[in-house]
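Okay, so here's the structure we're looking at.
Numbers here are sequence positions counted from 1. The figures here come from the full heavy-atom set of this structure, side chains too, leaving out hydrogens, waters and symmetry mates.
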Amino acid sequence: MTQMPHPDDLTDDELAEHAHAWRRQALRGDRSARAPAHAYETALRERVRASVAADLIASASNVQSETKRPWWRKFWPSQGGSASV
């Protein structure tokens with residue numbers, strides 16, 4: 001592990017593999033592996049956050065904008081009627 005490819009040049013699986021390999025080296029006591037391990041892990045977290053955010057935005061835009069009654073309204077009568085306790 002002498003050459004560090006840039007995280008943007010790697011696929012998700014390759015990035016995870018590099019992060020894991022560098023962290024393994026760091027845990028074995030190689031002090032020079034700490035910075036690359038941290039860099040790859042940070043890039044992987046950012047990439048995962050970006051993909052999760054994109055999925056959430058896409059799912060939110062697909063949701064129909066129906067006005068639903070709140071769940072608790074089934075326990076109380078409608079506003080027009082009188083409430084009896």
- If you look at every heavy atom in Asp12 and Leu44, which pair is closest and at what distance? O-CD1, 4.2 Å
- Backbone of Pro7 reached by a side-chain donor or acceptor of Arg47 within 3.5 Å: yes
- Verify the distance criterion only: is there a donor paired with an acceptor across the side chains of Asp13 and Thr11 at less than 3.5 Å? no
- Message: Please report the interatomic distance CD(Gln25) to CZ(Arg34), rounded to the nearest 0.5 Å.
- Response: 13.0 Å
- Query: Hey, which of His38, Glu41, Met4 is the one that makes side-chain contact (heavy atoms from CB on, under 4.5 Å) with Trp22?
  - Reply: Met4
- Query: Any side-chain heavy-atom pair from Pro5 and Tyr40 closer than 4.5 angstrom?
  - Reply: yes
- Note on the structure: Between the NE2 atom in His20 and the CG atom in Leu15, the distance rounded to the nearest 0.5 Å is 13.5 Å
